Protein chains: 2
Amino acid sequence: MEVKLPTFNSVFSIDCVIFGFEAGELKILLIERNEEPYKDWLALPGYIVEQDESIDDAAERILYELTGLRDLHMQQFHTFGEVNRHPQGRVITVAYYALIRINGQKDLRPVTQYAKKAFWHPVNELPKLAFDHSEIFKTGFNKLRRRLNYQPIAFELLPEKFTLTQLQSLYEAVLNKKLDKRNFRKKMLSYGFLKELDEKQKGVSYRAAKLYKFDRRKYTKIFQNELNLENKGKVG
Amino acid sequence: MEVKLPTFNSVFSIDCVIFGFEAGELKILLIERNEEPYKDWLALPGYIVEQDESIDDAAERILYELTGLRDLHMQQFHTFGEVNRHPQGRVITVAYYALIRINGQKDLRPVTQYAKKAFWHPVNELPKLAFDHSEIFKTGFNKLRRRLNYQPIAFELLPEKFTLTQLQSLYEAVLNKKLDKRNFRKKMLSYGFLKELDEKQKGVSYRAAKLYKFDRRKYTKIFQNELNLENKGKVG
DNA sequence: ATATAGTGTGTGTAAATTACACCATTGAAT
DNA sequence: ATTCAATGGTGTAATTTACACACACTATAT
């Protein structure tokens with residue numbers, strides 16, 4: 001059945017690439033669309049920017065409306081402006097990404113009818129996505145990789161208390177390569193912004209590892225005068 | 001005298017931060033505006049995107065119309081979408097940057113009446129710019145700095161034949177810090193994509209340095225299989 | 001209760017990279 | 001001819017990175 005669609009001109013939209021980390025796997029948030037075009041397809045959460053909101057505000061609103069997630073720290077990473085990227089007309093989209101702890105989150109519940117549901121999907125073996133969203137995801141993943149090297153973003157994906165092995169496996173999942181355990185530990189600990197706790201891991205059937213947490217105050221104290229973390233912030 | 005201006009909604013524009021290198025100094029391209037708002041102010045070259053052109057195409061066209069420069073390899077780096085960044089209405093602008101050899105270029109000649117003239121200005125001690133262009137410049141400069149570390153962009157700023165000292169002083173100008181001469185040479189040469197020429201510098205009143213050129217074929221050959229140049233591509 | 005297999009924790013050393021300081025060469029000025 | 005100013009060009013010590021194995025803990029089988 002062919003559906004007749006309206007066309008429109010000069011529209012800004014936002015698309016979101018939201019990363020989470022769960023069970024040693026890196027995942028992103030997808031929605032199932034409930035609207036033409038690409039009805040029933042999987043897609044990144046995304047929608048149109050209003051006249052009276054900044055694009056940053058729009059990104060937060062849209063993510064909330066499509067997935068129920070709020071208060072993420074989202075950052076734009078690229079703008080996609082091919083003429084025919086949207087079948088209904090000229091839509092330029094600004095892509096944002098954010099990181100989140102999956103465990104701490106409740107259900108994902110779209111609050112508009114534009115999405116049927118929202119769910120996490122491993123970044124490996126993603127299905128085809130609506131529009132040019134596969135390309136948007138790929139670009140976002142590359143940016144994430146780069147940023148991991150100079151910003152303390154990993155801690156936004158992990159639970160508050162984590163082991164060094166968990167931290168390392170996150171780095172490995174994002175960078176898609178094995179890292180050296182000794183050096184990773186040495187380097188991470190040498191920064192001084194990881195706080196060693198008295199607790200140990202529980203419920204594991206092997207030697208329990210020490211738990212750590214990220215001390216943001218120390219982090220900003222250490223790096224407040226440094227413009228450039230290229231040497232200090234790099235792991236791997 | 002107050003000028004009455006039209007207002008408009010939902011407009012995309014492009015702004016360009018074009019870097020050049022001349023006499024050991026890093027410079028950017030500015031225009032003097034010939035149109036309200038901000039008539040007579042200095043600004044980045046920028047204008048509105050048409051309906052039927054991709055933003056990448058628009059960037060090239062707009063730069064050409066305002067400065068006469070063509071065929072630069074421009075890359076977007078950030079999109080600015082505050083509601084009130086433009087006094088006449090909602091304008092979201094995608095900022096692009098590019099690099100160019102100043103020497104090789106002829107006169108700068110705007111081909112529309114929107115700019116009175118276009119000229120190079122050192123990045124140090126920039127005057128106040130129209131709109132939020134000072135912020136756009138600053139963001140672009142930071143991106144340039146980062147990209148210098150993992151892409152061979154320096155060679156786009158230098159003449160075809162250059163000395164290692166020139167290359168180093170460009171890195172120093174962009175990164176705004178002194179680098180170690182020995183390591184810089186060792187590292188640059190170790191990559192293997194610099195071709196040593198039989199020629200030497202001419203017209204200098206001191207010991208003439210060897211000339212080199214960038215061998216892009218070797219570069220792509222060397223790095224074709226590497227996703228990630230973090231270790232190899234880093235200088236400094 | 002004891003032995004054993006399995007898995008993750010946690011550490012030392014050699015190789016490679018980076019930081020640093022000096023002498024050499026040339027042309028211009030006197 | 002001598003000195004000065006400017007840049008070219010190289011060796012060594014300090015730091016960072018790469019790499020492999022012994023030990024601790026748990027679960028399971030006997």
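Note that the coordinates shown come from a computational prediction; the quantities given were computed from them, not determined experimentally. So you know, we letter chains A, B, ... as the sequences are listed, proteins then strands, and number each from 1.
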Quiz prompt | Pairwise salt bridge (Lys or Arg N to Asp or Glu O under 4.0 Å) hits with a residue in residues 190-201 of chain A, at least two apart | solution = A:Lys161-A:Glu199, A:Glu196-A:Lys210

Quiz item: Are B:Glu156 and B:Arg101 within salt-bridge range, i.e. N to O under 4.0 Å?
Solution: no

Practice problem: Determine, for A:Arg70 against A:Glu60, whether the closest basic-nitrogen to carboxylate-oxygen distance falls under 4.0 angstrom. | Solution: no

Quiz item: Between A:Arg185 and C:dG10, is there a side-chain N or O to OP1/OP2 distance below 4.0 Å?
Solution: yes

Self-check item: Qualifying residues under ring pair (Phe, Tyr, Trp, His ring centres under 6.0 Å), relative to B:Tyr64, sequence neighbours excluded
Solution: none

Exercise. Would you please say whether a donor-acceptor pair under 3.5 Å links the side chains of B:Ser190 and B:Arg185?
Key: no

Quiz prompt | Nearest-Å distance for atom pair NZ/P, residues A:Lys210 and C:dT9 | solution = 12 Å

Exercise. Whole angstrom is fine here: how far is it from CG in A:Leu211 over to P in C:dG10?
Key: 10 Å

Quiz item: What's the CZ-C1' distance between A:Phe184 and C:dG8, to the nearest Å?
Solution: 15 Å

Exercise. Output, in order, the C-alpha distance, side-chain angles, deciding distance and verdict of side-chain contact (heavy atoms from CB on, under 4.5 Å) for B:Asp132 and B:Phe80.
Key: CA-CA 9 Å; B:Asp132 53 356; B:Phe80 295 81; 4.1 Å; yes

Quiz item: Just to confirm, is there a sub-4.0 Å distance from OP1 or OP2 of C:dT18 to any side-chain nitrogen or oxygen of B:Lys187?
Solution: yes

Quiz item: Atom CG of B:Leu179 to atom P of D:dG9: distance rounded to whole Å?
Solution: 18 Å

Quiz prompt | Gap between atoms CZ and P, on B:Phe162 and D:dG8 respectively (whole Å) | solution = 14 Å

Quiz item: Rounded to whole angstroms, how far apart are CD on A:Glu172 and P on C:dG8?
Solution: 12 Å

Please tabulate the protein-to-nucleotide N/O contacts below 3.5 Å involving nucleotides 19-26 of chain D, giving atom names and distances.
{"residue": "D:dC19", "atom": "N3", "partner": "A:Arg182", "partner atom": "NH1", "Å": "3.2"}
{"residue": "D:dC19", "atom": "N4", "partner": "A:Asp180", "partner atom": "OD2", "Å": "3.3"}
{"residue": "D:dA20", "atom": "N1", "partner": "A:Arg182", "partner atom": "NE", "Å": "3.0"}
{"residue": "D:dA20", "atom": "N1", "partner": "A:Arg182", "partner atom": "NH2", "Å": "2.4"}
{"residue": "D:dA20", "atom": "N3", "partner": "A:Arg182", "partner atom": "NH2", "Å": "2.7"}
{"residue": "D:dA24", "atom": "O4'", "partner": "A:Arg207", "partner atom": "NH1", "Å": "3.2"}
{"residue": "D:dT26", "atom": "O4'", "partner": "A:Ser205", "partner atom": "O", "Å": "3.2"}

Exercise. In whole angstrom, give the distance that lies between atom CG of B:Leu189 and atom C1' of D:dG9.
Key: 12 Å

Self-check item: Interatomic distance where NZ belongs to A:Lys178 and C1' belongs to D:dT17 [whole Å]
Solution: 18 Å

